[in-house]
Amino acid sequence: MQAWLDSLIARGAFGPHPSPDLIYGAAIAIACALVLFLVAVPFASIVTWVERRVWARIQSRIGPNRVGPNGFLQWLADGFKHICKEDVVPAEADAPLFRLAPYLVVLAFILPWAVMPFASSLILADLNIGILYITAVPALTVIGILMAGWASNNKWSLIGGIRSAAQIISYEIPAGLAIFPVVLMTGTLSMQGIIRAQGWAPDRWFLFANPFCFVAAVILFISGLAENNRTPFDLPEAESELVAGFATEYSSMRYLFFFMAEWGNMFIAAAIVVTLFLGGWQFPAIVQSPRLMNLLQLATFMLKCLFLVFVSMWIRGTLPRVRIDQMMSLCWKYFVPISFINLLGTAVWVAIFPDGNRFTQWLMLSFGVAVVLLFLARVVAFTRRARMELYFHPTI
Amino acid sequence: MIAVIVFWTLAVITVLSAMITAFSRNIVYSAFALLGSFAGVAGIYLLLGADFLFIIQIFIYIGGILVVTIFAVMLTQGVADMNISNRIVGLIPAALIALLAGAVMLEAILRTPWPHPGTAALNPTTHAIGNAFLGPFLLPFEIASVVLLAALIGAIVISRQAARAEA
């Protein structure tokens, strides 16, 4: 892109004496904005439709199917409806903070996409500290949610906001510690570096590298659910007790912002797990063309992430909400000590087997395959016993 | 050129937020204004090419300290009450302390031979920082860890005592 810009400058497209810095800066800013608004926002919106369809299926309903084919354009209709609604600011609310809060939440959801490793050369910025960045920046969400909860001047909102903050700062600790086993093994914090250290085949994934990594991956995924206020940890917006928690007083587009950020953050949490433990975009080099290769890698990465997002929808449809004391004891009494043991265990493992242990990898992989096969066998057995008429619809 | 614009924008954001923190009549506004101050400082670290410091600033100050501060402010009784904090306690002592501290800082700023940041791109700094922590600066690092641990245990002991006294 720089060469193209240079040729434009040489041809005098920006006036006789342009400042190259300024033009590069503007071009990068525009490119980032385009990528984010063409990828991040539609993605987070389409996921709302997917979630409603999946959830409906789990509850034996059909779900939204009126707008577009199978309701696919429901997200556009929802967005349009919300923009057309009146944006109410309660009379007793703290208006400036009330208006600012949704933007902070959206900012926290937009920023991590900068280091999202879609493919070997499809990444906005391969920072040296990418993995720390992608785990640290979502912390801004907490501030937005606390601000929303306080500024609404509503007890439900305040309780929701405080619950959310308590939950996010608690689960940040196991989530942060779960990253370090992988950092110990690769010696890098860059997203691409971590992915390059893995292979396309599951036996080269860090998920199966050693037992500690497997536990770390599970902890990271569950902490991701908790940090994004997803079921079974959706206490901050518990509909039955807090109306909608911190979002109770919001209406119109501001309300939608919170939920768009929630769905987008779920994708980001999935992407962190995929990058660290599931081999990221790694795909066998079957074609020569770098462009085609990047497309295949992009598809691999997206499929893996979407699978994890689907798992979170599945969990949301099937699990009840936990109590707040259960949630806190899960974090502080189980996850934090286990994470520390994981970290020490991985350090010892790396000291003993600096290049990894193939036998353990194969053993763990076969164990994983056995668990998946057992699960499928039980699903088949139960459906047979229930004499259920399976209905596979192509669009869920 | 761009660097200068970015620097001044960040500096203005940092100082303005710090001023809101110091002068706001509403303690909640003070707490939230810290966000701009911390984020501005993080931006300046990034501008200087200190990527690790930048991310740690966000991790610790925005993700940790700021959240806990806001949390504590919100759990305070009567937060919106204007009389509970941020009052000028004494004009003359405050001015004296500000003047003294300002003089010391000005002296330090003028005496320090500032390295020119140059135009180097983001070089990885993490390895060097890690090696420094576990090499030449091992003792200060360990002492700081022990002090933090002692503070943690102290906080738990104090809060447990209060809880026991209530029960």
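Everything numeric in this text was worked out from a predicted model, so none of it was measured. In the text below, chain A, chain B and the rest are named by the order of the sequence lines, each starting its count at 1.
- Contact count versus chain B (heavy atoms, under 4.5 Å) is highest, among A/Val142, A/Ile143, A/Leu140, for A/Ile143.
- Ranked by non-hydrogen atom pairs under 4.5 Å with chain B, the options A/Leu146, A/Ile169, A/Leu158 are led by A/Leu146.
- Judged by distance alone, with hydrogens and angles left aside, the side-chain atoms of A/Tyr133 form a donor-acceptor pair with the main-chain N or O of A/Leu111 at under 3.5 Å.
- Residue contact with chain A, scored on non-hydrogen atoms closer than 4.5 Å, involves the backbone and the side chain of B/Ile62 alike.
- Annotation: side chain of A/Ser152 is in contact with side chain of A/Tyr250 (closest heavy-atom distance under 4.5 Å).
- Of the listed residues (A/Gly187, A/Gly161, A/Ala166), the one with the most heavy-atom contacts under 4.5 Å to chain B is A/Ala166.
- Counting all heavy atoms, side chain and backbone alike, A/Ile219 lies closest to A/Ser339 at CD1-OG, 3.8 Å.
- Of the possible donor and acceptor atoms, one in the side chain of B/Gln57 sits under 3.5 Å from a partner among the backbone N and O of B/Phe38.
- Under a 3.5 Å cut-off, the side chain of A/Gln167 and the backbone N or O of A/Ala226 do form a donor-acceptor pair.
- A donor-acceptor contact shorter than 3.5 Å is absent between the side chain of A/Ser157 and the backbone of A/Asn153.
- At a 4.5 Å heavy-atom cutoff, the contact between B/Leu66 and chain A is made by side-chain atoms alone.
- Within a 6.0 Å radius of CD1 in B/Ile92, no more than 12 heavy atoms belonging to other residues, nucleotides or ligands are found.
- Although no hydrogens or angles enter the test, the distance criterion places no donor-acceptor pair under 3.5 Å between the side chain of A/Ser164 and the main chain of A/Gly160.
- For B/Asp51 against A/Ile129, the heavy-atom pair with the smallest separation is O-CD1, 3.5 Å.
- There is no contact between A/Ala151 and chain B, counting heavy-atom distances below 4.5 Å.
- For residues 96-106 of chain A, the interface with chain B (any heavy-atom pair closer than 4.5 Å) comprises A/Pro96, A/Leu97, A/Leu104, sorted by residue number.
- For chain A, the nearby parts of B/Phe59 are the backbone and the side chain; heavy atoms of each come within less than 4.5 Å.
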